[in-house]
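The figures that follow rest on heavy atoms only: side chains count, while hydrogens, waters and symmetry mates do not. In what follows, every chain begins at residue 1, and chains take the letters A, B, ... in the order their sequences are listed. No experiment lies behind these values; they were computed from the predicted model shown.
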Amino acid sequence: MHQETINNPKKSSEPIGLRLKVNGQWYSPRSAPTTRLLDFLRRELGLTGTKEGCGEGECGACLVLLNGEIVNSCLVLLGQCAGQEVTTIEGLDAQVIQQAFVDVGAIQCGFCTPGLIIATYALLQRNPRPNREEIQQALAGNLCRCTGYQKVIKAVQVAADQHGRG
Amino acid sequence: MQKANKTSLQYVGKPIARVDALDKICGRARYVDDLTMPGMLYGYTIRSTRQRAKIISIQFPALPADVVGVTAKDIPGKNYVALFNTDQPLLAEQVVNYIGEPIALLAGPDMEILKELANQVQIEYQEIPSIDNLEESLVGNKPPIFGQDNVFKSYAYIKGNPAQAFATSPTVISGTYRTGYQEHAYLETQGMLAFPYQSGVKIIGSMQCPFYIQKGIAPPLNLPPEMIVVEQAVTGGAFGGKEDFPSLLAGHVALLALKTGKPVKMIYDRHEDILCTTKRHPSRTIHRIAFDQQKRLTALAVDIVLDGGAHSTLSQVVLARSALSAPGVYRWANINLQARAVATNQVPTGAFRGFGAPQAFFAIEQQMNHAAYRLGIDPYQLRKINLLREGDATATGQVLKESVGVEKALDAVVNKTDFVQKYWNYRQQNSQTGKRKGIGLAAFFHGCGFTGKGEELIKATATVDYLPSVGLVIRIANVEMGQGMATVLRQVGAEALCIPLERTHILGPNTAEVPNSGPTVASRTTMIVGGLIYQCCLDLKQQIGMAAEAANFAGVAAQKLNPDEHISATRHYRVPPDVVWDEERFVGDAYPVYSWGAVVVEVEVELLTYEVTVTKLTAAHEIGKAINPILVEGQIEGGSLQGLGYASLENLVSHQGQLQQVTLTDYLIPTILDTPEIEPIILEEPYSLGPYGAKGVGEIPFVGIAPAYVGAVENALGTEFFEIPLTPEKIYRQLHTHTEDRS
């Protein structure tokens, strides 16, 4: 089976008109400015690591970074991203976090996992040594129905320790 | 089956990282909505807006050339989805029986246009008096939905002389217990993709049971089952919600794909998923238990009613598990049991982790909590007096011959939490402001594998191939849905052949390529299918002249086989000869074996708002053998929190057939802020017929959480509760309508 195909989005080196940078690359979207950022990423760019869990900003499966800040991409329109920089799970450099999630067993069905990785990345960027409560606050917008969150919390702690050492 | 020497194990019992972790962590795993095909259309469902009505007419608007609409008239075969019964139509034809029942389908290239067109479809209805809930269903003053009496299934049996036992016992405890709906809320909503394939159709989607779909939709599509090829995509959680429901959805996309000749994908949004997919059965249980002077249980009388919704789906087997769980983990000489699943004009209820057991254990374990209070004994001691032990017989007369870990589990959680001391301390609290603490206990089992004759009927088959160039290829129909099946069964294969884990493979479930090893349900995959794989591996050893315990399989195989040669072994599950179940009389061995558990929940209750904070949850589960302890912990932690949601938070109610909470904004599931510290305790009493002693673990962590939670709130507040979810509103209402405080 094929993955979501990339429908020849135009690439260019300079932003002109409605353009946005996704994972380091500038694009001129074919999609209308009223398209949800989530749909643009998934359907036009084929970046299907960003998931739709609820479509109303409750679950966090569609989290991406917009200029380094987490947003629910189901609540952001493409037009709001003009000239801005989006980072998805595919473009995230978060190996330490990802490895911690694998090692402690914080993944089950995996559907919420990209969103959790993004949220963890944003947390550790601004707070490299979060305590348990800070971790819970930072990930409160990410629903997971499989893990009971115990190992998610542990994974963030392990990743923070690794970051600290690095 | 061989009980391997612990020190010799290389893979089994090791916390090996999930084999699917890397794809999931990078966003590379392909769930069904991540798939697309050239020329693919989207599908959309037009649903009933009436709770119960005759369909007088269905009028489509003028459809654009690239949009196709279908109704029941377009179904080439018989209009039902085959399961135990044939009462669930693929598309409603003459009547609708619940709000959200599918009536017509649209397929086209643009989803937004489909939604606009769907709004313009005119359906004329004629209302029929609807049956709103299980009480109304039992009254029987409205036209029945199912059969003559609205009862999908009933079980009843009498053991000993319960009437006499109740009459002569000094203490009788009574209660009527109610449990609500629960929505699975898997993070990935239901979705399917279908396209014309060879001379039939191929379906790819999110599911637990590929062969259920094949069998379920062969009658409506009027195709031989083998012409319907079903393949599982990466599945984003299921919990039972993707056991039976996907057959209906698969039937819809297949119908559209065959009608249009094109690939059609249908993905439910969250609102549609909550509105019209199956739920946990609401229940009402009328319960009486009696004790003698020594606080020994003498008699049980229980009447369980499950609300099955508008169609029978899996209700009969859910009900069987309720009935078998109703007596709890105790010895009984006298029982009067009745259990019924009834029809209502509500969304059909179906499989959900625990499968009828959580409702039954809520009732019996609350009865034990209430009995302990009234008898002036702690809930631990009362359970110890009455507990099933090895050699005892269950309510149905099954002698427990081995692997009975309930007392170990009970002792473990009680000792770990200092339960007895805290229980009595908290009983002394009399503050009227601020917070009070509470602690609650429950003990329970979960029968592993299908109930009764289920495994005998399904005759699970597994095949393994060994190719020197590739390694071990496991061919089964079971699915990875997050629980860790793919990792655990490869560990079993790697251990049995003493080959590296990387040299084991599981062929992605596809009905054209794997035998039917049965559905991925009933906590059966590790024990039943893992057992078959283990036996197949021993067969492979025998084929190349090796003893079962010999280690160097790869070396011997390399000598005896050409590089492109392969050997193969197939095993069919046979119910052990001493496991005998009489479905009619409800007597005998209901399950091959049981997993056992006990849980302690500790809470703080804020006395002004009645907000309850769970401060600690300690769960001990005796599961035979943990093939992969880190994955077992994951099941315990996840199941426990899902159980806490069920007990405390997840409020889903229907008003005149309309579910009142249909988004994740108003149907609340636990977030990371709601999770307490959960301490999993894994206990192992090996089962002689399980692979390396393993039993099941998928469901049991959920089963006993609710009574432990409610017991803790009772311990804090000194009152009795009978209903879940026990929300702060319900606590308030009860405390302010019942003036009598039991303390």
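- Within the 4.5 angstrom heavy-atom criterion, atoms from both the backbone and the side chain of B:T665 approach chain A.
- In this structure, OG1 in B:T675 is found 7.5 Å from CD in A:Q136, a value given to the nearest 0.5 Å.
- The heavy-atom pair separating B:A21 from A:I107 by the smallest distance is CB-CD1, 3.9 Å.
- The contact between B:A185 and chain A is made by backbone and side chain atoms together, counting heavy-atom distances below 4.5 Å.
- B:E513 CD: more than 12 foreign heavy atoms inside a 6.0 Å radius.
- Closest non-hydrogen pair, A:C109 versus B:T235, comes out as CB-O, 3.8 Å.
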Checking side chain to side chain donor-acceptor pair (under 3.5 Å) for the pair B:T663/A:E58: CA distance, chi angles, key distance, verdict?
CA-CA 9 Å; B:T663 67; A:E58 287 290 344; over 6 Å; no

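- At a threshold of 4.5 Å between non-hydrogen side-chain atoms, the residues B:L22 and A:V102 do not count as touching.
- Proximity to chain B (any heavy atom under 4.5 Å) is shown, for A:L143, by both the backbone and the side chain.
- Of the atoms belonging to B:H184, it is backbone heavy atoms, and not side-chain ones, that fall under 4.5 Å from chain A.
- By the 4.5 Å heavy-atom criterion applied to side chains, A:C146 and B:F239 are counted as neighbours.
- Taking every heavy atom of both residues into account, B:Y31 and A:F111 meet most closely at OH-N, 3.3 Å.
- Summarising the local packing, NZ of A:K154 is surrounded by 12 or fewer heavy atoms from other residues, nucleotides or ligands at distances under 6.0 Å.
- Applying the 6.0 Å contact sphere to NZ of B:K202 captures more than 12 heavy atoms from other residues, nucleotides or ligands.
- A:Q108 pairs with exactly one of B:Q635, B:M481, B:Q483 by the side-chain contact (heavy atoms from CB on, under 4.5 Å) rule, that one being B:Q635.
- When each of B:D674, B:L673, B:D23, B:D20 is scored by its heavy-atom pairs under 4.5 Å with chain A, the top score falls to B:L673.
- For A:Q99, no part lies near chain B; criterion is any non-hydrogen pair under 4.5 Å.
- A:Q98 contributes atom CD, which lies 5.0 Å from atom SG of B:C26 (distance to the nearest 0.5 angstrom).
- From B:K24, atom NZ reaches atom CD1 of A:I89 across 14.0 Å, with rounding to the nearest 0.5 Å.
- One finds the SG atom of A:C74 at 11.5 Å from the CG atom of B:D269 (value rounded to the nearest 0.5 Å).
- Only the side chain of A:K51 comes within contact range of chain B, judged by heavy atoms closer than 4.5 Å.
- In this structure, no portion of B:E480 lies under 4.5 Å from any heavy atom of chain A.
- With values rounded to the nearest 0.5 angstrom, B:E677 atom CD is found 10.0 Å from A:I153 atom CD1.
- Between B:D33 and A:R42, some side-chain heavy-atom pair lies under the 4.5 Å cut-off.
- Contact of B:R28 with chain A is not made at all, since no heavy-atom distance falls under 4.5 Å.
- Among B:E637, B:E650, B:E188, the one residue that satisfies the salt bridge (Lys or Arg N to Asp or Glu O under 4.0 Å) test with A:R145 is B:E650.
- Nearest heavy-atom pair across B:G27 and A:P114 is CA-CG, 4.2 Å.
- Heavy atoms only, all atoms of each residue included: B:L664 and A:C54 are closest at CD1-CB, 3.9 Å.
- Residue A:I97 holds its CD1 atom at 10.0 Å from CD1 of B:I25, rounded to the nearest 0.5 Å.
- With chain A as partner, the option from B:T671, B:I267, B:L644 having the largest number of non-hydrogen pairs under 4.5 angstrom is B:T671.
- Most heavy-atom pairs under 4.5 Å with chain B: of the set A:C144, A:C112, A:A94, A:G110, this distinction falls to A:G110.
- Annotation: maximal heavy-atom pairing with chain B below 4.5 Å, among A:G105, A:A140, A:G141, A:A106, occurs at A:A140.
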Report the C-alpha separation of A:E56 and B:R270 in whole Å, then their side-chain angles, then the decisive distance to 0.1 Å, and conclude whether the salt bridge (Lys or Arg N to Asp or Glu O under 4.0 Å) test is met.
CA-CA 9 Å; A:E56 55 182 18; B:R270 182 60 63 182; over 6 Å; no

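- Considering only heavy-atom pairs separated by less than 4.5 Å from chain A, the leading option among B:I636, B:D273, B:I669 is B:I669.
- Using a distance-only test at 3.5 Å, with no hydrogens or angles considered, no donor-acceptor pair links the side chain of A:Y149 to the main chain of B:G638.
- By number of non-hydrogen pairs under 4.5 angstrom with chain B, the leading residue of A:V152, A:I117, A:T147, A:T113 is A:T147.
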Show, in sequence, the C-alpha distance, side-chain angles and deciding distance for B:L187 and A:C59, and conclude whether the side chain to side chain contact (heavy atoms under 4.5 Å, CB included) test is met.
CA-CA 8 Å; B:L187 260 283; A:C59 78; 3.9 Å; yes

Just do the side chain to side chain contact (heavy atoms under 4.5 Å, CB included) check on A:Q137 and B:I672 with the steps written out, would you?
CA-CA 8 Å; A:Q137 288 295 341; B:I672 200 167; over 6 Å; no

